[in-house]
Student: 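Dropping a structure here in structure tokens format, bear with me for questions.
A, B, ... follow the sequence lines: proteins, then strands. Residue 1 opens every chain.
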2 protein chains.
Amino acid sequence: MTDTWVEALAGGKADLERVSTAQKVADMIRSRVLKGELEPGLRLSEEALGTALGVSRNTLREAFRLLTHDRLLVHEHSRGVFVRVPTAADVRDLYTARRVIECGALRLWPAADKAAKDAVRQAVDFAVKGAAKDNWNDVGTGNIRFHQAITRLAGSDRLNEEGDRLYAEVRLAFQVIKETRSFYERYLVWNRTIVELLSKDEVDQAVESLAEYFRIAEEDLVTHLPSS
Amino acid sequence: MTDTWVEALAGGKADLERVSTAQKVADMIRSRVLKGELEPGLRLSEEALGTALGVSRNTLREAFRLLTHDRLLVHEHSRGVFVRVPTAADVRDLYTARRVIECGALRLWPAADKAAKDAVRQAVDFAVKGAAKDNWNDVGTGNIRFHQAITRLAGSDRLNEEGDRLYAEVRLAFQVIKETRSFYERYLVWNRTIVELLSKDEVDQAVESLAEYFRIAEEDLVTHLPSS
DNA sequence: CTTTGTAGGATTGTTCAACGATACTTCAAT
DNA sequence: ATTGAAGTATCGTTGAACAATCCTACAAAG
């Protein structure tokens, strides 16, 4: 019966893994971008940032390369690395991709496991509680969790990863909008409608509702962004 | 009317862009992996590869970082970079993701533009011609194009990128199977069926057929791969 | 024979300095 | 206003060096 405690400890293996400095730097930059601390258009000078973070230029370049696929930064040959300036075209593309992925994942609701379904509901409950307390940060967080939970209904790590990537770009785009309260207020109503439809197993209607939500959220963003 | 020729030349702008050595090295490694020249499990030594390619270790490391998101290589801290060994769990996850994405994109067939629809048909035609000539390489290529064309029905660059990434992993997994002719022969029949259904605008049936195809292709692979 | 501990070797991860390549800015000439 | 040249900033790459980490081999202990 030694296998039980060996397995229990092995579960913590991931926590022991060494993380390279380049990975740490990349994670930190990503986090700062998503918090709006590094605003769109900002140029990240290797010299300045390397000195500020106390890492070598080579390590920083490795971090930039790690971040390339996130599309939060733009790496321009010989000119440097910039925080991406989201455009209306970006948003159109993002929402097209999200519509396919999230609506596709939502169709799997009937076959999804209980934990995945609960996560969808809990995200909306969290946002509702936030709204009752006038805590709009929580409402925004709940909205994020709701959409991530929908993608997770499919149960695919790869799909989750891509969904998170798309969502991060949406968050970057939303930073252009200074006042987001009214948007989240409205989105919460929508999300509650979707969850109610799901509770009644009206999946097709929920999918339609989600698609309609995407059309509206897309227009909200597009009207605030440069056309190119 | 100068705008016409200026625009025509500007269309070639992308061809003039400088490409970093790191990017070139990454592209070359990716291509070699997909061609099966670097087989699953192989360890890519920085020293050996840097010397062989005539690039510095730092440049090679940047290339490895660029390749991380492709999931074709696995970067293990302090141990090096390896060509990924696909497992049955990988394949399960891949096909779950592809089912959501490709079936979701296929639903958009009615609203898709003519060029995108033609690409789907042409891919199957190409494979059919290849089969008639006993050119199974062409059949395989046609299958790839078919699936890529389906994803492209949605018209989203981000979705195309992810679709291609997933497909590349599938190709890596398929390298475990030495003899693929019988698979592609069967898949071609399936693809033709799907195209016929689409021609009759029976989109729901086409989506169902594609989903069924994925279930079968998934089992084909899973039965040939290590469980972990 | 199996397990543990230690030393040595290989190589990865990071830093640093240097230099070539490239883009940008400024100024002068047309 | 446009073009060309010079100067500057910094990115892209290289190579050397060293610390950190993993792996292997061998010896000792049970």
Student: Do A:Thr96 and A:Asp93 get their side chains close enough for a donor-acceptor pair, meaning under 3.5 Å?
Tutor: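 Judged by distance alone, the side chains do not pair up.
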
Student: Say whether B:Thr141 and B:Asp138, considering side chains only, have a donor N or O and an acceptor N or O under 3.5 Å apart.
Tutor: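 Note: B:Thr141 and B:Asp138 side chains miss the donor-acceptor criterion.
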
Student: Whole angstroms only, please: what is the CZ-P distance between B:Arg18 and C:dG20?
Tutor: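 Going from B:Arg18 (CZ) to C:dG20 (P), I get 18 Å.
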
Student: Salt bridge or not between B:Asp118 and B:Lys114? Use side-chain N to carboxylate O under 4.0 Å.
Tutor: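 Answer for the salt bridge query: yes.
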
Student: Take A:Arg79 and B:Arg65, find for each the nucleotide of DNA chain C with the closest heavy atom, and name the residue whose nucleotide sits nearer the 5' end.
Tutor: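 Looking at DNA chain C, the more 5' nearest nucleotide goes with B:Arg65.
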
Student: Nearest to the side chain of A:Ser45 - D:dT14, D:dC11, C:dG13?
Tutor: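 The closest nucleotide is D:dC11.
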
Student: Counting any heavy atom closer than 4.0 Å, what does B:Gly54 reach on the DNA or RNA strands: base, sugar-phosphate only, or nothing?
Tutor: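 Sugar-phosphate contact only.
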
Student: So which one's nearest nucleotide on DNA chain C is more toward 5', B:Glu47 or A:Val55?
Tutor: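 Final value for this comparison: B:Glu47.
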
Student: Classify the side chain of B:Arg57 and the base of C:dG13 as holding, or not holding, a donor-acceptor pair under 3.5 Å.
Tutor: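 Answer yes: a donor N or O sits under 3.5 Å from an acceptor.
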
Student: Testing the 3.5 Å rule here: is there a donor-acceptor pair between the side chains of A:Glu62 and A:Asn58?
Tutor: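 No, no side-chain donor-acceptor pair sits under 3.5 Å.
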
Student: What is the distance, rounded to the nearest whole Å, between atom CG of A:Leu60 and atom P of C:dG13?
Tutor: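 Whole-Å distance recorded here is 17 Å.
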
Student: Can you check the B:Asn58 CG to C:dA18 P distance for me, whole Å?
Tutor: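 In whole Å, C:dA18 P lies 16 Å from B:Asn58 CG.
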
Student: Taking atom P of C:dT11 as reference, at what distance in whole Å does atom CD of B:Glu76 sit?
Tutor: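 Answer to the nearest Å: 16 Å.
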
Student: Looking at D:dG12, I'd like to know if its phosphate oxygens (OP1 or OP2) sit under 4.0 Å from a side-chain N or O belonging to A:His75.
Tutor: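 Answer yes for this pair, as a side-chain N or O of A:His75 is under 4.0 Å from OP1 or OP2.
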
Student: How would you label the contact of B:Ser78 with the nucleic acid (heavy atoms, under 4.0 Å): base, sugar-phosphate, or nothing?
Tutor: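 It contacts sugar-phosphate atoms only.
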
Student: Are B:His147 and B:Tyr187 an aromatic pair by the rule of ring centers under 6.0 Å?
Tutor: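 Not under 6.0 Å, so no.
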
Student: If I take atom CZ in residue A:Arg61 and atom C1' in nucleotide C:dT15, what distance separates them, rounded to the nearest angstrom?
Tutor: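 Distance check: A:Arg61 CZ to C:dT15 C1' gives 15 Å.
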
Student: B:Glu46 has an atom CD; how far is it from atom P of D:dG15, in whole Å?
Tutor: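 These atoms are roughly 15 Å apart.
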
Student: Calculate the interatomic distance between B:His77 atom NE2 and C:dT11 atom P; express it in whole Å.
Tutor: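 Answer to the nearest Å: 17 Å.
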
Student: Given atom CG of A:Leu66 and atom P of C:dT14, what is their separation to the nearest angstrom?
Tutor: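 In whole Å, C:dT14 P and A:Leu66 CG are 10 Å from each other.
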
